[in-house]
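What follows is a single structure, written as structure tokens, with notes after it.
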Amino acid sequence: MDTTGHLCSHSVYFLSKHPEHIPKLREEIKKYYGDGTNLTIESLQKMDYMTACFKEVFRLSTPVPVLFPRMATVDHNLGNIKIK
């Protein structure tokens, strides 16, 4: 899944689980988009609450697998720990 699809679907999911955040998010969207003007990068950057919501979605459910299999290509010693 791409990150945009992940962000949209998980945002809807988390907002359905925590509907108490919807009114504040709606108010912020209406403030910058309520008159039907086109959104700009500048207006999106002013939407602090929406940005915080998106960051929280990424924090709670990252779109990238966290556990990548990793192997050391060379042996290392970190103090008493030997990494092979």
(request) Could you tell me the separation between the NZ atom of Lys31 and the NZ atom of Lys46, rounded to the nearest 0.5 Å? (result) 9.0 Å
(message) Once side chain to side chain donor-acceptor pair (under 3.5 Å) is applied, do any residues pair with Ser43, and if so which ones, sequence neighbours excluded?
(response) Thr40
(request) Provide the closest heavy-atom pair for Glu28 versus Met50 in the form atom of the first, atom of the second, distance. (result) OE1-N, 2.8 Å
(request) Indicate the atoms forming the closest heavy-atom contact of Leu15 with Ile22, along with that distance. (result) O-CD1, 3.8 Å
(message) Considering only residues two or more places apart or on different chains, which pairs with a residue in residues 12-27 satisfy side-chain hydrogen bond (donor to acceptor under 3.5 Å, both in side chains)?
(response) His21-Tyr49
(message) Any side-chain to backbone donor/acceptor pair from His6 onto Phe58? Under 3.5 Å, distance only.
(response) no
(request) Could you identify which residues cluster with Val12, counting Ile, Leu, Val, Met, Phe, Trp and Tyr as linked when any side-chain heavy atoms lie under 4.5 Å apart, either directly or through a chain of such contacts? (result) none
(message) Using side-chain contact (heavy atoms from CB on, under 4.5 Å), reason through Lys30 and Leu25 one step at a time and then give a plain yes or no.
(response) CA-CA 9 Å; Lys30 283 181 188 177; Leu25 189 57; over 6 Å; no
(message) Running the 4.5 Å side-chain criterion over Ile, Leu, Val, Met, Phe, Trp and Tyr, what cluster does Ile41 land in, apart from itself?
(response) none
(message) Taking salt bridge (charged side-chain N to carboxylate O under 4.0 Å, His left out) as the cut-off, I'd like each qualifying pair that reaches into residues 55-64, sequence neighbours left out, listed once.
(response) Glu56-Arg59
(message) Is the shortest side-chain heavy-atom distance between Phe14 and Ser61 below 4.5 Å?
(response) yes
(request) For residues Ile83 and Asn77, determine if any side-chain heavy atom of one lies less than 4.5 Å from a side-chain heavy atom of the other. (result) no
(message) Can you list everything that forms a side chain to side chain donor-acceptor pair (under 3.5 Å) with Asp35? Sequence neighbours excluded, please.
(response) Thr37
